[in-house]
Amino acid sequence: MSFAELGLSPELLRAVTEAGYTEPTPIQAQAIPVILAGKDIMGGAQTGTGKTAGFTLPLLQRLLPYASASTSPAKHPVRALIIAPTRELAVQVHQSVVTYSKYVPLRSTCIYGGVDMKAQVAELKRGIEIVVATPGRLLDHVEQKTILLQNVEFLILDEADRMLDMGFIPDIRRILNLLPAQRQSLLFSATFSDEIKKLADSMLRAPQLIEVARRNAVSENIRHLVHPVSSHVKRDLLADLLNAGADGLGQTLVFVNTKFGCARLALHLKKEGISADAIHGDKSQLERSAALEAFKSGAIRVLVATDVAARGLDVDDLPYVVNFEIPGTPEDYVHRIGRTGRAGKLGAAVSLVAPEENYKLAAIEKLIKFKIPQELVTGYGPETSVDDLRRFRNTHNRPKRQVDADGFDFNRPYASADELKPAARPQSRPSQSSRPPARPAAKRQIAADGFDFSAPYASNKAPEAPKAAGETPTESKRPRTTAFLLGGARKAD
DNA sequence: AAAAAAC
């Protein structure tokens, strides 16, 4: 299957080729013909599957027949409206539109809040066929009469479940009321709750359901790991993992649950000498854009983020996502870690789990339908206090990762992404009673890619039943940082 | 529970 076979025009194919793509992804192969046929779509796809190009390309193709090279603004009414839940996402979708519309006479712009309206008004005055927008600012323009939606032929709602969460539905309904009934509508959502279905019913006509992966499925290219750690020493553990050089984490997106915690953690990491910045909704749009750009370009290694960055954001080949705090809903876990392991690349999702967060971890494992392997990092444990850590640091040098006595090579790279797949569904956690008291080296099964799924958890207690306070945490005899997740193929900067 | 989104 090639893009040409999907019936895209030469101008679009040229842009696709220049962007470096040859074959459509499964969702693209499924969605593009349906959209070209003029049907409404209710689409579900796991993150990083090429969904954006999957609707951008056929949208451009559908707009082409009446595209006008005229410079008269009157010849360029708004014909397509794409709505996204965050400003950064809107910018990203717009970049995709710009990329693929390079050789066709269609104009596009992106409108969102937090920035001056004047430039957006001037853009809209030029005459723009494709508008990518966040809901609030779009309605602002509607009220100012700087945008007319009466000629809209195509409506696309991206990350619709996110819009539900964020209480956008009244805004969305207002926007829907401004659009012609005669139009093609596409709705994309990672989850299909009853509420989403209700929205879909009112917005779509005889929609075709396109679902590429199991609902709430996580990419098989992502390695998951949990470090049980007390909340008191989490930030030290994170700094250690980030500072471990080639043994530690490389470019990393760190998620926290609050805006305040986000700013505070970024500041702490900077004090530890780590190039980091924060992105959250209380920052100015200028700061948000600057932080994201710096992270995408590699100018900074670590971006600490709230869930503003949890969905849809595409950082090219991002190797690591860390959950510094466990998100309140298990769906958010799926979205957060979906920032890595995209476009066929490998990624690792590392979660720092305090005992009081174990119930959230359990909910996540129930949703993703497998248990996440756990590793205790030497010196850190679910009951470790700041004093414990200080004592530990006074008596130990940070241990270096190395090949184990029994031949476990932490640095061995994966032979291929395929090798990862059977291993991506780890064995269930051994029960407390059957857990051996010590590490049973003889019984260990080491995957071809060097990942040991049969290793017991480093803690002597089940994560659900943390140790009594004051007990010294059990040290893993196999201290290691998390670079092994990516087989040493990745290097810290 | 917090996050996001308009001024």
Side-chain angles (χ1 to χ4, degrees), chain A residues 81-94 110-121 124 131-147 149 157-176 178 189-191 195-196 199 231 253-266 278-289 291-292 303-313 321 323-339 353-354 356-361 363-364:
Chain A
L81 183 59
I82 305 174
I83 301 177
T86 68
R87 298 165 184 172
E88 285 77 10
L89 212 48
V91 168
Q92 188 176 295
V93 170
H94 180 238
C110 188
I111 60 181
Y112 52 86
V115 293
D116 199 88
M117 273 187 94
K118 276 190 224 123
Q120 295 175 359
V121 172
L124 290 167
V131 169
V132 187
T134 50
R137 179 56 68 91
L138 177 64
L139 285 169
D140 208 347
H141 279 285
V142 166
E143 275 164 25
Q144 313 267 333
K145 301 206 185 337
T146 45
I147 192 169
L149 299 179
L157 232 56
D158 201 7
E159 306 278 339
D161 47 350
R162 188 63 177 160
M163 297 192 185
L164 277 181
D165 295 348
M166 303 200 309
F168 276 150
I169 296 308
D171 283 355
I172 298 296
R173 296 219 179 274
R174 279 184 63 202
I175 294 165
L176 287 176
L178 297 165
S189 176
T191 53
E195 267 193 290
I196 289 284
L199 178 70
S231 56
L253 180 57
V254 179
F255 282 105
V256 294
N257 290 353
T258 67
K259 290 182 276 201
F260 181 67
C262 182
R264 204 174 38 178
L265 182 60
I279 185 167
H280 60 74
D282 274 355
K283 284 196 141 197
S284 76
Q285 192 51 42
L286 205 68
E287 292 173 308
R288 279 167 62 165
S289 306
L292 186 61
L303 185 64
V304 186
T306 60
D307 281 327
V308 68
R311 305 207 184 198
L313 270 197
V321 167
N323 287 302
F324 185 79
E325 292 161 318
I326 306 308
T329 71
E331 287 80 9
D332 287 334
Y333 177 85
V334 174
H335 288 293
R336 285 180 177 186
I337 64 159
R339 300 315 100 218
V353 182
E356 61 269 25
E357 295 175 302
N358 274 330
Y359 76 99
K360 293 183 191 170
L361 177 61
I364 289 164

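Below, chains carry the letters A, B, ... as their sequence lines are ordered, and counting in each starts from 1.
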For a quick check of understanding: with a heavy-atom distance under 4.0 Å over all strands, which category does A:Asp307 fall into, base, sugar-phosphate or nothing? nothing

For A:Phe260 and B:dA2, give me the distance from atom CZ to atom C1', rounded to whole Å. 15 Å

With a 4.0 Å limit, can you tell me whether A:Thr134 has a side-chain N or O closer than that to the phosphate oxygens OP1/OP2 of B:dA4? no

Considering only heavy side-chain atoms of A:Thr329, the closest of B:dA5, B:dA1, B:dA3 is B:dA1

Closer than 4.0 Å, any side-chain N/O of A:Thr258 to the OP1 or OP2 of B:dA1? no

The side chain to side chain contact (heavy atoms under 4.5 Å, CB included) partners of A:Ala133 (sequence neighbours excluded) come to A:Ile111, A:Val131, A:Leu138

What contact category does A:Arg336 fall into here, base, sugar-phosphate, or nothing, at under 4.0 angstrom with non-hydrogen atoms? nothing

Identify whether any heavy atom of A:Gly113 sits under 4.0 Å from a base atom; if not, whether one sits that close to sugar-phosphate; answer base, sugar-phosphate or nothing. sugar-phosphate

Would A:His141 and A:Val121 satisfy side chain to side chain contact (heavy atoms under 4.5 Å, CB included), going step by step from the backbone distance to the final call? CA-CA 8 Å; A:His141 279 285; A:Val121 172; 3.8 Å; yes

Separation of B:dA3 P from A:Asp161 CG (nearest whole Å): 19 Å

Between atom CD in A:Glu143 and atom P in B:dA6, what is the gap in whole Å? 13 Å

So, is A:Lys259 near the phosphate of B:dA4, with a side-chain N or O under 4.0 Å from OP1 or OP2? yes

Output yes when A:Glu143 and A:Arg174 qualify as a salt bridge under the 4.0 Å nitrogen-oxygen rule, no when they do not. yes

Please state how far atom CG in A:Asp282 lies from atom C1' in B:dA5, giving the value in whole angstrom units. 12 Å

So, is A:Arg288 near the phosphate of B:dA5, with a side-chain N or O under 4.0 Å from OP1 or OP2? yes

A:Glu287 CD to B:dA4 P: how many Å, rounded? 13 Å

Applying side chain to side chain contact (heavy atoms under 4.5 Å, CB included) to A:Arg336 and A:Leu253, what does each step give before you reach the verdict? CA-CA 9 Å; A:Arg336 285 180 177 186; A:Leu253 180 57; over 6 Å; no

Any residue meeting side chain to side chain contact (heavy atoms under 4.5 Å, CB included) with A:Lys259, in chain and number order, not counting sequence neighbours: A:His280, A:Asp282, A:Thr306

Taking atom C1' of B:dA4 as reference, at what distance in whole Å does atom CZ of A:Phe255 sit? 14 Å

Specify the separation, in whole Å, of atom CD1 of A:Ile279 and atom C1' of B:dA2. 16 Å

Provide, to the nearest angstrom, the distance between the CG atom belonging to A:Asp158 and the C1' atom belonging to B:dA4. 15 Å

